[in-house]
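What you are looking at is a predicted structure, and each value in this text was computed from that prediction instead of being measured. Indexing begins at 1, ligand by ligand and atom by atom, following the structure's order. Count residues from 1 along the sequence.
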Amino acid sequence: DGEVYKYYADGEWRVSGSGKSVAIVNPTTRQTQYRVQACTQEEVNKVMDAAKVAQKAWARTPLWKRAELLHKAAAILKEHKAPIAECLVKEIAKPAKDAVSEVVRSGDLVSYTAEEGVRILGEGKLLVSDSFPGNERNKYCLSSKVPLGVVLAIPPFNYPVNLAVSKIGPALIAGNALVLKPPTQGAVAALHMVHCFHLAGFPKGLISCVTGKGSEIGDFLTMHPGVNCISFTGGDTGIAISKKAGMVPLQMELGGKDACIVLEDADLDLVTANIVKGGFSYSGQRCTAVKVVLIMESIADAVVEKVKAKLAKLKVGSPEDDSDITPVVTESSANFIEALVMDAKEKGATFCQEYRREGNLIWPLLLDHVRPDMRIAWEEPFGPVLPVIRINSVEEGIHHCNASNFGLQGCVFTKDINKAIMISDAMETGTVQINSAPARGPDHFPFQGLKDSGIGSQGITNSINMMTKIINDEYSMT
Ligand code: G3H
(Lines give C-alpha, C1' and ligand atoms only; values in the text may rest on other atoms or scores of the structure.)
Protein backbone atom coordinates (compact mmCIF):
# COMPACT_ATOMS: atom_id res chain seq x y z
CA ASP A 1 0.00 0.00 0.00
CA GLY A 2 3.03 2.26 -0.38
CA GLU A 3 3.50 2.71 3.36
CA VAL A 4 7.10 3.23 4.40
CA TYR A 5 7.93 2.14 7.95
CA LYS A 6 9.32 4.96 10.03
CA TYR A 7 12.67 4.87 11.78
CA TYR A 8 13.02 5.43 15.53
CA ALA A 9 14.90 8.38 16.97
CA ASP A 10 14.63 10.45 20.14
CA GLY A 11 11.66 8.39 21.33
CA GLU A 12 9.65 9.06 18.16
CA TRP A 13 8.82 7.40 14.86
CA ARG A 14 10.16 9.53 12.05
CA VAL A 15 10.11 9.90 8.29
CA SER A 16 13.55 10.46 6.76
CA GLY A 17 14.26 13.76 5.10
CA SER A 18 15.88 11.85 2.23
CA GLY A 19 12.47 11.18 0.72
CA LYS A 20 13.90 7.77 -0.22
CA SER A 21 13.11 4.28 0.96
CA VAL A 22 14.63 0.82 0.84
CA ALA A 23 12.56 -2.11 -0.45
CA ILE A 24 12.39 -5.38 1.43
CA VAL A 25 11.76 -8.22 -0.98
CA ASN A 26 9.85 -11.24 0.31
CA PRO A 27 12.15 -14.23 -0.43
CA THR A 28 9.14 -16.45 -1.20
CA THR A 29 7.10 -14.22 -3.51
CA ARG A 30 10.13 -12.20 -4.67
CA GLN A 31 7.87 -9.15 -4.56
CA THR A 32 8.44 -6.03 -2.46
CA GLN A 33 6.84 -6.76 0.88
CA TYR A 34 7.71 -3.68 2.93
CA ARG A 35 9.63 -0.44 2.67
CA VAL A 36 11.76 1.28 5.28
CA GLN A 37 13.25 4.76 5.46
CA ALA A 38 16.60 5.45 3.80
CA CYS A 39 18.09 7.54 6.61
CA THR A 40 20.70 10.18 5.91
CA GLN A 41 24.06 10.84 7.53
CA GLU A 42 22.63 13.99 9.06
CA GLU A 43 19.91 11.89 10.72
CA VAL A 44 22.56 9.51 12.01
CA ASN A 45 24.41 12.48 13.54
CA LYS A 46 21.24 13.54 15.36
CA VAL A 47 20.67 10.04 16.67
CA MET A 48 24.25 9.91 17.97
CA ASP A 49 23.89 13.28 19.71
CA ALA A 50 20.63 12.22 21.38
CA ALA A 51 22.16 8.89 22.41
CA LYS A 52 25.10 10.62 24.07
CA VAL A 53 22.82 12.88 26.12
CA ALA A 54 20.41 10.09 27.09
CA GLN A 55 23.25 7.78 28.08
CA LYS A 56 24.57 10.17 30.75
CA ALA A 57 21.26 10.14 32.61
CA TRP A 58 20.75 6.41 32.04
CA ALA A 59 24.12 5.58 33.57
CA ARG A 60 22.92 7.31 36.76
CA THR A 61 19.59 5.45 36.75
CA PRO A 62 19.67 2.79 39.48
CA LEU A 63 20.54 -0.66 38.21
CA TRP A 64 17.35 -2.18 39.57
CA LYS A 65 15.30 0.38 37.61
CA ARG A 66 17.16 -0.44 34.41
CA ALA A 67 16.45 -4.11 35.06
CA GLU A 68 12.79 -3.37 35.72
CA LEU A 69 12.40 -1.69 32.33
CA LEU A 70 14.14 -4.57 30.58
CA HIS A 71 11.79 -7.07 32.24
CA LYS A 72 8.88 -4.95 31.04
CA ALA A 73 10.24 -4.88 27.49
CA ALA A 74 10.74 -8.67 27.60
CA ALA A 75 7.11 -9.22 28.58
CA ILE A 76 5.82 -6.85 25.87
CA LEU A 77 8.04 -8.54 23.31
CA LYS A 78 6.49 -11.89 24.13
CA GLU A 79 2.98 -10.41 23.93
CA HIS A 80 3.84 -9.18 20.43
CA LYS A 81 5.25 -12.50 19.26
CA ALA A 82 2.60 -13.09 16.59
CA PRO A 83 2.98 -9.87 14.56
CA ILE A 84 6.77 -9.91 14.89
CA ALA A 85 6.93 -13.54 13.79
CA GLU A 86 4.76 -12.65 10.81
CA CYS A 87 7.38 -10.12 9.72
CA LEU A 88 10.10 -12.75 10.06
CA VAL A 89 8.08 -15.08 7.85
CA LYS A 90 7.60 -12.40 5.18
CA GLU A 91 11.03 -10.77 5.31
CA ILE A 92 13.41 -13.67 5.81
CA ALA A 93 11.21 -16.70 5.07
CA LYS A 94 11.78 -18.16 8.51
CA PRO A 95 9.41 -21.12 9.06
CA ALA A 96 6.36 -19.92 11.03
CA LYS A 97 7.06 -21.90 14.22
CA ASP A 98 10.75 -20.99 14.27
CA ALA A 99 9.79 -17.35 13.81
CA VAL A 100 7.66 -17.47 16.96
CA SER A 101 10.45 -19.30 18.83
CA GLU A 102 12.89 -16.56 17.88
CA VAL A 103 10.71 -13.92 19.51
CA VAL A 104 10.04 -15.96 22.64
CA ARG A 105 13.75 -16.79 22.97
CA SER A 106 14.43 -13.06 22.63
CA GLY A 107 12.06 -12.21 25.48
CA ASP A 108 13.75 -14.84 27.65
CA LEU A 109 17.15 -13.48 26.69
CA VAL A 110 16.20 -9.94 27.74
CA SER A 111 14.82 -11.14 31.11
CA TYR A 112 17.89 -13.24 31.80
CA THR A 113 20.11 -10.30 30.88
CA ALA A 114 18.29 -8.08 33.38
CA GLU A 115 18.77 -10.68 36.13
CA GLU A 116 22.40 -11.34 35.26
CA GLY A 117 23.10 -7.63 35.05
CA VAL A 118 21.85 -6.80 38.52
CA ARG A 119 24.05 -9.57 39.91
CA ILE A 120 27.33 -9.01 38.08
CA LEU A 121 27.13 -5.23 37.89
CA GLY A 122 26.02 -5.07 41.49
CA GLU A 123 29.41 -6.31 42.58
CA GLY A 124 32.69 -4.44 42.71
CA LYS A 125 36.08 -5.50 43.92
CA LEU A 126 38.23 -4.35 46.81
CA LEU A 127 41.99 -4.81 46.54
CA VAL A 128 44.61 -4.16 49.18
CA SER A 129 48.16 -3.04 48.40
CA ASP A 130 50.33 -5.35 50.51
CA SER A 131 49.96 -8.40 48.31
CA PHE A 132 52.41 -6.86 45.84
CA PRO A 133 56.08 -6.90 46.89
CA GLY A 134 57.38 -3.77 48.57
CA ASN A 135 53.99 -2.44 49.61
CA GLU A 136 52.48 -1.92 53.04
CA ARG A 137 48.74 -2.23 53.58
CA ASN A 138 48.23 1.49 53.18
CA LYS A 139 46.35 1.64 49.92
CA TYR A 140 42.96 0.36 48.87
CA CYS A 141 41.52 0.02 45.40
CA LEU A 142 37.78 -0.04 44.77
CA SER A 143 37.24 -1.35 41.31
CA SER A 144 33.86 -1.28 39.56
CA LYS A 145 32.29 -1.49 36.13
CA VAL A 146 30.98 1.51 34.22
CA PRO A 147 29.28 1.72 30.81
CA LEU A 148 31.24 2.44 27.63
CA GLY A 149 28.81 5.05 26.26
CA VAL A 150 27.02 4.49 22.95
CA VAL A 151 26.90 0.93 21.60
CA LEU A 152 26.29 0.36 17.90
CA ALA A 153 24.48 -2.93 17.26
CA ILE A 154 24.42 -4.51 13.81
CA PRO A 155 22.62 -7.87 13.71
CA PRO A 156 22.32 -10.16 10.66
CA PHE A 157 19.29 -11.14 8.60
CA ASN A 158 18.98 -14.66 10.00
CA TYR A 159 18.12 -13.56 13.56
CA PRO A 160 17.13 -9.91 13.14
CA VAL A 161 15.28 -9.92 16.48
CA ASN A 162 17.25 -12.35 18.62
CA LEU A 163 20.71 -11.19 17.60
CA ALA A 164 19.54 -7.60 18.06
CA VAL A 165 18.32 -8.10 21.64
CA SER A 166 21.45 -10.10 22.47
CA LYS A 167 23.26 -6.78 21.93
CA ILE A 168 20.56 -4.37 23.15
CA GLY A 169 19.92 -6.11 26.48
CA PRO A 170 23.55 -6.22 27.68
CA ALA A 171 24.20 -2.67 26.43
CA LEU A 172 21.22 -1.21 28.28
CA ILE A 173 21.57 -3.08 31.56
CA ALA A 174 25.19 -1.94 31.71
CA GLY A 175 24.10 1.70 31.35
CA ASN A 176 24.90 2.30 27.69
CA ALA A 177 22.78 3.93 24.98
CA LEU A 178 22.08 1.82 21.93
CA VAL A 179 21.91 2.58 18.23
CA LEU A 180 20.55 -0.26 16.14
CA LYS A 181 21.16 -0.68 12.42
CA PRO A 182 19.02 -3.66 11.44
CA PRO A 183 19.68 -5.76 8.36
CA THR A 184 17.54 -4.81 5.36
CA GLN A 185 15.83 -8.23 5.35
CA GLY A 186 14.40 -8.27 8.85
CA ALA A 187 14.29 -4.51 9.35
CA VAL A 188 10.53 -4.39 9.91
CA ALA A 189 10.68 -7.21 12.47
CA ALA A 190 13.47 -5.25 14.19
CA LEU A 191 11.44 -2.03 14.14
CA HIS A 192 8.53 -3.87 15.70
CA MET A 193 10.85 -5.24 18.38
CA VAL A 194 12.12 -1.71 19.06
CA HIS A 195 8.49 -0.64 19.42
CA CYS A 196 8.24 -3.06 22.37
CA PHE A 197 11.13 -1.24 24.05
CA HIS A 198 9.37 2.04 23.26
CA LEU A 199 6.18 0.77 24.92
CA ALA A 200 8.17 -0.31 27.98
CA GLY A 201 9.03 3.36 28.50
CA PHE A 202 12.77 3.71 28.07
CA PRO A 203 13.99 7.33 28.11
CA LYS A 204 13.97 9.27 24.85
CA GLY A 205 17.07 8.94 22.71
CA LEU A 206 18.45 6.01 24.68
CA ILE A 207 17.49 3.50 21.98
CA SER A 208 17.28 4.35 18.33
CA CYS A 209 16.90 2.39 15.16
CA VAL A 210 18.16 3.75 11.85
CA THR A 211 17.38 2.00 8.61
CA GLY A 212 18.88 2.63 5.23
CA LYS A 213 21.39 1.78 2.58
CA GLY A 214 24.74 0.42 3.68
CA SER A 215 26.41 2.56 1.04
CA GLU A 216 24.97 5.73 2.59
CA ILE A 217 25.10 5.08 6.33
CA GLY A 218 27.07 1.82 6.82
CA ASP A 219 30.63 3.12 7.08
CA PHE A 220 29.32 6.40 8.41
CA LEU A 221 27.86 4.58 11.42
CA THR A 222 30.78 2.25 12.09
CA MET A 223 33.33 5.07 11.78
CA HIS A 224 31.24 7.60 13.69
CA PRO A 225 33.17 9.31 16.49
CA GLY A 226 30.09 9.09 18.72
CA VAL A 227 30.25 5.28 18.79
CA ASN A 228 32.04 3.75 21.79
CA CYS A 229 31.55 0.05 21.03
CA ILE A 230 30.45 -2.05 18.05
CA SER A 231 28.70 -5.38 18.31
CA PHE A 232 28.32 -6.95 14.89
CA THR A 233 27.08 -10.29 13.64
CA GLY A 234 27.22 -11.08 9.95
CA GLY A 235 29.57 -11.94 7.14
CA ASP A 236 32.77 -10.55 5.63
CA THR A 237 31.59 -6.98 6.20
CA GLY A 238 32.74 -7.48 9.77
CA ILE A 239 36.35 -7.81 8.66
CA ALA A 240 36.05 -4.52 6.75
CA ILE A 241 34.43 -2.88 9.80
CA SER A 242 37.24 -4.05 12.08
CA LYS A 243 39.75 -2.34 9.80
CA LYS A 244 37.86 0.93 9.63
CA ALA A 245 36.50 1.25 13.17
CA GLY A 246 38.16 3.60 15.59
CA MET A 247 39.72 2.69 18.92
CA VAL A 248 36.59 1.09 20.31
CA PRO A 249 35.95 -2.42 21.66
CA LEU A 250 34.62 -4.75 18.99
CA GLN A 251 32.47 -7.82 19.36
CA MET A 252 32.20 -9.73 16.10
CA GLU A 253 30.73 -12.97 14.93
CA LEU A 254 31.35 -13.59 11.26
CA GLY A 255 30.22 -17.01 10.21
CA GLY A 256 31.86 -20.38 10.09
CA LYS A 257 32.47 -23.64 8.36
CA ASP A 258 31.47 -25.87 11.26
CA ALA A 259 32.84 -29.36 10.79
CA CYS A 260 31.11 -32.49 11.97
CA ILE A 261 33.68 -35.23 12.59
CA VAL A 262 32.15 -38.69 12.77
CA LEU A 263 34.11 -41.64 14.19
CA GLU A 264 33.50 -45.33 13.52
CA ASP A 265 31.99 -46.06 16.94
CA ALA A 266 29.41 -43.25 16.75
CA ASP A 267 25.69 -43.80 17.26
CA LEU A 268 24.67 -43.55 13.61
CA ASP A 269 21.04 -42.60 14.26
CA LEU A 270 22.16 -39.79 16.54
CA VAL A 271 24.66 -38.66 13.90
CA THR A 272 21.98 -38.70 11.21
CA ALA A 273 19.49 -36.71 13.26
CA ASN A 274 22.12 -34.09 14.09
CA ILE A 275 23.43 -33.80 10.54
CA VAL A 276 19.91 -33.14 9.27
CA LYS A 277 19.00 -30.73 12.06
CA GLY A 278 22.43 -29.10 12.15
CA GLY A 279 22.85 -28.81 8.41
CA PHE A 280 19.35 -28.04 7.23
CA SER A 281 17.34 -26.20 9.89
CA TYR A 282 16.39 -22.75 8.60
CA SER A 283 17.68 -24.06 5.28
CA GLY A 284 21.28 -23.97 6.50
CA GLN A 285 21.20 -20.20 7.05
CA ARG A 286 22.78 -20.29 10.50
CA CYS A 287 26.34 -19.38 11.29
CA THR A 288 26.37 -22.48 13.52
CA ALA A 289 25.01 -24.84 10.86
CA VAL A 290 26.95 -28.02 10.17
CA LYS A 291 28.77 -26.96 7.00
CA VAL A 292 30.98 -29.95 6.29
CA VAL A 293 30.71 -33.58 7.36
CA LEU A 294 34.07 -35.35 7.83
CA ILE A 295 33.21 -39.01 8.18
CA MET A 296 35.25 -42.19 8.49
CA GLU A 297 35.06 -44.12 5.22
CA SER A 298 33.88 -47.38 6.85
CA ILE A 299 30.59 -45.89 8.08
CA ALA A 300 30.10 -43.26 5.38
CA ASP A 301 27.80 -45.32 3.12
CA ALA A 302 25.49 -46.16 6.01
CA VAL A 303 25.23 -42.57 7.25
CA VAL A 304 24.79 -41.10 3.78
CA GLU A 305 21.87 -43.52 3.20
CA LYS A 306 20.27 -42.60 6.51
CA VAL A 307 20.66 -38.87 5.88
CA LYS A 308 19.22 -39.28 2.38
CA ALA A 309 16.17 -41.03 3.79
CA LYS A 310 15.59 -38.27 6.33
CA LEU A 311 16.09 -35.48 3.80
CA ALA A 312 13.47 -37.06 1.57
CA LYS A 313 10.95 -36.53 4.37
CA LEU A 314 11.64 -32.81 4.84
CA LYS A 315 8.84 -30.50 3.79
CA VAL A 316 10.03 -28.08 1.13
CA GLY A 317 7.93 -24.99 0.51
CA SER A 318 6.72 -21.78 2.03
CA PRO A 319 7.49 -20.49 5.54
CA GLU A 320 3.78 -19.79 6.08
CA ASP A 321 3.18 -23.57 5.82
CA ASP A 322 5.95 -24.10 8.35
CA SER A 323 8.01 -26.01 5.80
CA ASP A 324 11.40 -27.30 6.92
CA ILE A 325 13.16 -25.95 3.85
CA THR A 326 12.11 -22.47 2.75
CA PRO A 327 13.42 -20.02 0.14
CA VAL A 328 16.85 -18.59 0.93
CA VAL A 329 16.96 -14.93 1.78
CA THR A 330 17.82 -13.34 -1.57
CA GLU A 331 18.22 -14.24 -5.19
CA SER A 332 21.93 -13.43 -5.03
CA SER A 333 22.27 -15.80 -2.11
CA ALA A 334 20.56 -18.55 -4.15
CA ASN A 335 22.88 -17.80 -7.07
CA PHE A 336 25.91 -18.07 -4.81
CA ILE A 337 24.76 -21.45 -3.47
CA GLU A 338 24.11 -22.63 -7.01
CA ALA A 339 27.62 -21.62 -8.07
CA LEU A 340 29.09 -23.76 -5.27
CA VAL A 341 26.91 -26.68 -6.33
CA MET A 342 27.92 -26.35 -9.99
CA ASP A 343 31.60 -26.14 -9.08
CA ALA A 344 31.25 -29.38 -7.08
CA LYS A 345 29.43 -30.99 -10.02
CA GLU A 346 32.17 -30.08 -12.48
CA LYS A 347 34.78 -31.47 -10.13
CA GLY A 348 32.98 -34.79 -9.68
CA ALA A 349 31.05 -34.72 -6.39
CA THR A 350 28.33 -37.35 -6.00
CA PHE A 351 24.84 -35.83 -5.90
CA CYS A 352 22.68 -37.74 -3.42
CA GLN A 353 19.61 -35.92 -4.75
CA GLU A 354 18.94 -34.15 -7.98
CA TYR A 355 19.75 -30.44 -7.74
CA ARG A 356 16.49 -28.54 -7.82
CA ARG A 357 15.76 -24.82 -7.53
CA GLU A 358 12.68 -22.68 -8.08
CA GLY A 359 13.26 -18.97 -7.51
CA ASN A 360 14.99 -18.68 -4.15
CA LEU A 361 13.83 -22.13 -3.07
CA ILE A 362 16.57 -24.76 -3.18
CA TRP A 363 15.75 -28.38 -2.35
CA PRO A 364 17.95 -30.03 0.30
CA LEU A 365 21.08 -31.46 -1.23
CA LEU A 366 23.77 -33.75 0.15
CA LEU A 367 27.01 -33.85 -1.82
CA ASP A 368 29.09 -36.96 -1.21
CA HIS A 369 32.73 -37.63 -2.11
CA VAL A 370 33.56 -33.94 -1.89
CA ARG A 371 37.27 -33.27 -2.24
CA PRO A 372 39.44 -30.38 -1.00
CA ASP A 373 39.75 -28.90 -4.49
CA MET A 374 36.04 -28.07 -4.50
CA ARG A 375 34.93 -24.64 -3.31
CA ILE A 376 32.18 -26.15 -1.17
CA ALA A 377 34.83 -27.93 0.93
CA TRP A 378 35.84 -24.50 2.30
CA GLU A 379 33.18 -21.88 1.58
CA GLU A 380 29.94 -21.54 3.50
CA PRO A 381 26.90 -21.88 1.24
CA PHE A 382 24.46 -20.52 3.85
CA GLY A 383 21.88 -22.71 2.20
CA PRO A 384 20.45 -26.26 2.30
CA VAL A 385 23.48 -27.88 0.66
CA LEU A 386 25.87 -30.01 2.68
CA PRO A 387 29.20 -31.52 1.59
CA VAL A 388 30.45 -34.87 2.87
CA ILE A 389 34.18 -35.56 2.86
CA ARG A 390 35.22 -39.13 3.54
CA ILE A 391 38.27 -39.50 5.77
CA ASN A 392 40.55 -42.40 6.63
CA SER A 393 41.84 -41.10 9.94
CA VAL A 394 40.75 -38.75 12.68
CA GLU A 395 43.88 -36.67 11.99
CA GLU A 396 42.66 -36.07 8.45
CA GLY A 397 39.39 -34.69 9.84
CA ILE A 398 41.14 -32.44 12.34
CA HIS A 399 43.51 -31.26 9.62
CA HIS A 400 40.63 -30.26 7.33
CA CYS A 401 38.83 -28.50 10.17
CA ASN A 402 41.93 -26.53 11.15
CA ALA A 403 42.88 -25.63 7.60
CA SER A 404 39.72 -23.51 7.37
CA ASN A 405 39.99 -19.74 7.81
CA PHE A 406 36.94 -20.05 10.07
CA GLY A 407 36.80 -21.39 13.61
CA LEU A 408 33.34 -20.89 15.03
CA GLN A 409 32.09 -24.27 16.22
CA GLY A 410 32.43 -27.90 15.34
CA CYS A 411 31.16 -31.24 16.56
CA VAL A 412 32.47 -34.73 17.08
CA PHE A 413 30.49 -37.95 17.30
CA THR A 414 31.95 -40.93 19.18
CA LYS A 415 31.08 -43.01 22.23
CA ASP A 416 34.67 -42.73 23.46
CA ILE A 417 34.62 -39.63 25.66
CA ASN A 418 38.42 -39.54 26.02
CA LYS A 419 38.84 -39.45 22.27
CA ALA A 420 36.09 -36.83 22.01
CA ILE A 421 37.87 -34.52 24.43
CA MET A 422 41.21 -35.00 22.68
CA ILE A 423 39.71 -34.25 19.27
CA SER A 424 37.77 -31.32 20.62
CA ASP A 425 40.96 -29.85 22.09
CA ALA A 426 42.73 -30.32 18.77
CA MET A 427 40.01 -28.53 16.76
CA GLU A 428 40.75 -24.82 16.43
CA THR A 429 37.23 -23.53 17.01
CA GLY A 430 35.46 -21.48 19.67
CA THR A 431 33.28 -24.42 20.75
CA VAL A 432 33.16 -28.13 19.99
CA GLN A 433 29.92 -29.95 20.69
CA ILE A 434 30.32 -33.56 21.70
CA ASN A 435 27.59 -35.80 20.27
CA SER A 436 25.33 -32.94 19.23
CA ALA A 437 25.08 -30.36 16.47
CA PRO A 438 26.66 -26.92 16.83
CA ALA A 439 24.46 -24.23 18.37
CA ARG A 440 24.84 -20.85 19.99
CA GLY A 441 22.38 -21.42 22.81
CA PRO A 442 21.58 -21.68 25.65
CA ASP A 443 22.09 -17.95 25.34
CA HIS A 444 24.06 -17.50 28.55
CA PHE A 445 26.82 -19.86 27.37
CA PRO A 446 29.98 -18.17 26.05
CA PHE A 447 29.80 -17.95 22.26
CA GLN A 448 32.90 -17.11 20.24
CA GLY A 449 34.75 -17.77 17.06
CA LEU A 450 38.46 -18.09 16.38
CA LYS A 451 40.27 -16.81 13.28
CA ASP A 452 37.93 -15.16 10.74
CA SER A 453 34.90 -16.25 12.77
CA GLY A 454 35.13 -13.37 15.16
CA ILE A 455 36.50 -11.13 17.84
CA GLY A 456 35.67 -11.48 21.53
CA SER A 457 33.15 -13.71 23.20
CA GLN A 458 29.39 -13.32 23.39
CA GLY A 459 26.75 -14.96 25.54
CA ILE A 460 24.83 -12.84 28.03
CA THR A 461 27.46 -12.56 30.76
CA ASN A 462 30.36 -11.95 28.40
CA SER A 463 28.40 -9.35 26.46
CA ILE A 464 27.53 -7.40 29.60
CA ASN A 465 31.17 -7.41 30.68
CA MET A 466 32.36 -6.48 27.20
CA MET A 467 30.09 -3.45 27.16
CA THR A 468 31.58 -2.07 30.37
CA LYS A 469 34.89 -0.66 31.42
CA ILE A 470 36.64 -1.12 34.76
CA ILE A 471 37.42 1.99 36.76
CA ASN A 472 39.17 2.35 40.10
CA ASP A 473 38.87 4.57 43.13
CA GLU A 474 42.15 4.25 44.96
CA TYR A 475 42.58 5.45 48.51
CA SER A 476 45.91 5.95 50.23
CA MET A 477 46.24 6.28 54.00
CA THR A 478 48.94 8.79 54.68
O1 G3H B 1 23.62 -17.44 12.80
C2 G3H B 1 24.23 -17.36 13.87
C3 G3H B 1 23.57 -17.61 15.14
O4 G3H B 1 24.33 -17.07 16.19
C5 G3H B 1 23.28 -19.07 15.34
O6 G3H B 1 22.42 -19.22 16.40
O7 G3H B 1 22.85 -21.62 16.89
O8 G3H B 1 20.88 -20.43 17.85
O9 G3H B 1 20.96 -20.97 15.43
P10 G3H B 1 21.74 -20.65 16.66
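- Heavy-atom proximity to N158, at under 4.0 Å, picks out these atoms of ligand 1: 1 (O), 2 (C).
- A donor-acceptor contact shorter than 3.5 Å links the side chain of W378 to the backbone of P372.
- What sits closest to atom 9 (O) of ligand 1 on the protein, heavy atoms only, is Y159 OH, 2.4 Å.
- Aromatic ring pairs are classed by plane angle as parallel below 30°, tilted from 30° to 60° and perpendicular above 60°; the pair H224 and F220 is perpendicular.
- Ligand 1 has at least one atom lying under 4.0 Å from a heavy atom of R105.
- Those atoms of ligand 1 that come under 4.0 Å of a heavy atom in F447, given as number and element, are 4 (O).
- With hydrogens and angles ignored, the 3.5 Å screen pairs a side-chain donor or acceptor of S453 with a backbone N or O of G407.
- Within the 4.0 Å heavy-atom cutoff, Y282 does not count among the residues contacting ligand 1.
- Of the heavy atoms in E253, only side-chain atoms (C-beta onward) come closer than 4.0 Å to ligand 1.
- In terms of protein heavy-atom proximity, atom 5 (C) of ligand 1 is closest to T288 OG1, 3.3 Å.
- Note on residues 251-272: pairs passing salt bridge (Lys or Arg N to Asp or Glu O under 4.0 Å), not counting sequence neighbours, are D269-K306.
- An N or O contact shorter than 3.5 Å links R440 to ligand 1 by distance.
- We find that K308 and E305 are joined by a salt bridge, their nearest charged nitrogen and carboxylate oxygen being less than 4.0 Å apart.
- If you check the side chains of T461 and E116, you find a donor sitting under 3.5 Å from an acceptor.
- Taking distance alone, with nitrogen or oxygen atoms compared against 3.5 Å, C287 approaches ligand 1 more closely than that limit.
- A salt bridge links D219 with K244; the closest basic N to acidic carboxylate O contact falls under 4.0 Å.
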